[in-house]
Amino acid sequence: MFESDITLSMQEICKSFPGVKALSNVNFQLKKGEIHALMGENGAGKSTLIKVLTGVYEIDEGTIILNGKKIVIKSTQDAQENGISTVYQEVNLCPNITVAENIYIGREPMKNGFIDWNTMNKNASKLLEERLNLKIDVKKLLSSYSVAIQQMVAIARAVDISSGILILDEPTSSLDSNEAEQLFSIMRKLKSEGMSIVFVTHFIDQVYAVSDRITILRNGKLVGTYIAKDLPEMDLISKMIGKNYEEMVKENKKSSRKYDSIENKNLVEAKEFGRKGTVESFNMNIKKGEVLGLAGLLGSGRTECARLLFGIDKSDHGTLTIDGKEYSYIYPQKAIKEGLGLCPEDRKVEGIAGELTIRENIILGLQSIKGIFKYIPMKKQQEIAKKYVKLLNIKTPSIEQRIDNLSGGNQQKVILARWLATNPQLLILDEPTRGIDIGAKDEIKKLIIRLAREGMSIIFISSELSEIETCCDRVLVLRDRKIIGELVGEEVQEAKILETIAEGGNVNE
């Protein structure tokens with residue numbers, strides 16, 4: 001008997017890919033008018049479950065019941081016709097057309113055989129204002145608005161299409177805390193109107209801020225479904241990773257910071273290095289075997305410093321010295337040849353080559369050093385790829401798997417593998433743990449510590465100050481696109497970093 005308050009029931013869902021069973025007899029229930037968090041490590045099966053529900057994949061076995069009736073979803077069109085809409089992490093809209101056009105693309109109101117622009121614009125404004133409390137000019141190009149507004153527009157389109165179920169897949173990954181809270185207010189409003197929301201996120205505090213229930217997956221299997229307020233945070237984390245979280249924290253504390261391998265000699269030194277309109281001139285030195293943190297709020301200039309050091313953006317003043325060689329500016333190919341590597345902030349856009357295999361992605365950096373006319377033999381490519389897949393515990397059935405088929409955490413590990421294969425002197429990691437689960441985060445933090453102990457220099461950028469405190473020997477604090485303070489050793493603490501940001505700081509000379 002189907003319970004009256006259950007909108008959706010997915011029963012004994014199975015889905016396999018070559019060499020991988022992505023879902024094994026998974027059960028999931030969604031109630032009417034609830035916000036239900038779907039949690040799990042990267043590779044746990046969350047994305048596969050969502051793609052099954054939205055018609056991207058067909059299930060191998062199992063049953064889907066919607067509002068008491070068994071349904072078969074074979075396409076995204078099927079899902080939409082059944083009132084199921086999804087908003088993905090990367091806003092899947094067209095920046096070069098207006099807000100109103102984005103909301104009604106493919107569903108434009110017509111009059112006498114032509115698009116009724118006046119009605120479309122009025123409907124778009126009404127939808128945004130009444131459902132999302134958002135007042136903007138819908139006749140402007142989508143690209144003229146912030147990522148947060150674009151996310152709201154994507155939600156407005158999804159809500160207008162959906163009659164009952166809205167899936168939000170990592171919707172806050174590119175939002176600051178105020179923007180995220182605005183989104184939560186909208187989610188609560190939609191919930192009060194009877195909308196059922198599936199919320200996928202890696203931010204545990206956000207789960208507790210907005211969710212009614214939590215379903216946890218691990219290794220393609222259901223761990224359980226819990227009432228959010230009755231599940232302690234440490235229990236949630238332990239269930240996700242299959243380990244005792246408190247024991248893992250103790251282990252991390254044993255291995256955090258305080259290396260003995262840091263040398264006094266500067267490996268890289270920037271003097272009055274900068275670019276007008278991007279970041280103020282800065283002085284920075286990185287020693288061999290040191291983890292140097294760059295900390296600051298969103299927009300403080302951390303990424304801009306990384307891009308200048310790697311040569312993606314060209315400096316217009318100052319000098320950069322790498323292992324004794326001085327440059328007035330540098331470019332990425334030269335940086336790579338001088339032993340620098342960069343894992344960028346946006347791995348989807350700037351990191352992975354989605355249409356290439358894991359093997360091809362891993363050898364990209366090494367091939368760049370050798371040049372296009374010195375092709376790396378296939379056997380050597382395979383040896384390198386297999387070595388780093390094993391070293392970094394990348395979950396894949398084959399090195400010939402396309403990288404865009406991997407989970408976010410495993411994609412991040414492939415990018416790390418690419419640079420480790422070049423044996424860099426300095427590895428710049430810009431938000432390497434963003435959007436990945438706690439287990440993968442733990443692996444990457446341990447890797448950072450190990451690499452530094454082995455003598456590699458690392459610049460570590462993270463918005464999570466607890467990670468900065470755990471991993472870094474020294475921290476440069478930024479605000480308003482300039483370095484305002486330096487913290488060393490025992491000064492590297494979350495509270496001290498926040499205090500420096502708040503007070504404006506003083507750079508240690």
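Met187 CE to Phe199 CZ: the interatomic distance, rounded to the nearest 0.5 Å, is 4.5 Å. Atom-to-atom distance recorded for Tyr208:OH and Leu236:CG is 4.5 Å, nearest 0.5 angstrom. We find the CD-CD1 distance between Glu290 and Ile458 to be 10.5 Å, quoted to the nearest 0.5 Å.
Remark: of the listed residues Val477, Val475, Val291, Val475 is the sole one forming a side-chain contact (heavy atoms from CB on, under 4.5 Å) with Ile468. Exactly one residue among Thr225, Val26, Val223 makes a side-chain contact (heavy atoms from CB on, under 4.5 Å) with Thr215. That residue is Thr225.
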Q | Verdict with supporting geometry, Val279 and Lys482, side-chain contact (heavy atoms from CB on, under 4.5 Å) | A | CA-CA 6 Å; Val279 64; Lys482 63 181 177 182; 5.9 Å; no
Q. Should Ile155 and Leu132 be marked as a side-chain contact (heavy atoms from CB on, under 4.5 Å) after you check the CA-CA gap, both sets of side-chain angles, and the distance that decides it?
A. CA-CA 9 Å; Ile155 291 171; Leu132 276 69; 4.2 Å; yes
Q.
What verdict does the side-chain contact (heavy atoms from CB on, under 4.5 Å) test give for Leu427 and Leu416, after you've listed the backbone C-alpha separation in whole Å, the side-chain angles of each residue and the deciding distance to 0.1 Å?
A. CA-CA 9 Å; Leu427 187 56; Leu416 278 168; 4.2 Å; yes
Q: Test Asn266 against Ile286 for side-chain contact (heavy atoms from CB on, under 4.5 Å), laying out the working first.
A: CA-CA 6 Å; Asn266 288 333; Ile286 304 106; over 6 Å; no
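With respect to the salt-bridge test (charged N to carboxylate O, under 4.0 angstrom), the residues Glu304 and Arg275 do not qualify. Salt bridge present: Lys413 and Glu443 bring a charged side-chain N and a carboxylate O closer than 4.0 Å. Ion pairing of Asp169 with Lys51 is absent here, as no side-chain N (NZ or NE/NH1/NH2) approaches a carboxylate O to less than 4.0 Å. Comment: Lys386 does not engage Glu400 in a salt bridge, judged by the lack of any side-chain N to carboxylate O separation of less than 4.0 angstrom. One finds no salt bridge joining Lys239 and Asp235 here, because no Lys/Arg side-chain nitrogen approaches an Asp/Glu carboxylate oxygen to under 4.0 Å.
Centroid-to-centroid, the aromatic rings of Tyr331 and Phe310 stay 6.0 Å apart or farther.
Shown here for Asp473 and Gly289, the closest heavy-atom pair between the two residues is OD2-O, 4.3 Å.
Of the possible polar contacts, one joining the Ser457 side chain to the Lys287 backbone as a donor-acceptor pair under 3.5 Å is found.
Heavy atoms of other residues, nucleotides or ligands lying less than 6.0 angstrom from OH of Tyr145 number more than 12.
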Under 3.5 Å, which donor-acceptor pairs do the side chains of residues 374-383 form with other protein atoms, sequence neighbours left out?
residue, atom, partner, partner atom, Å
Tyr375, OH, Gln381, NE2, 3.1
Gln381, OE1, Arg359, NH1, 2.5
Gln381, NE2, Ile376, O, 2.8

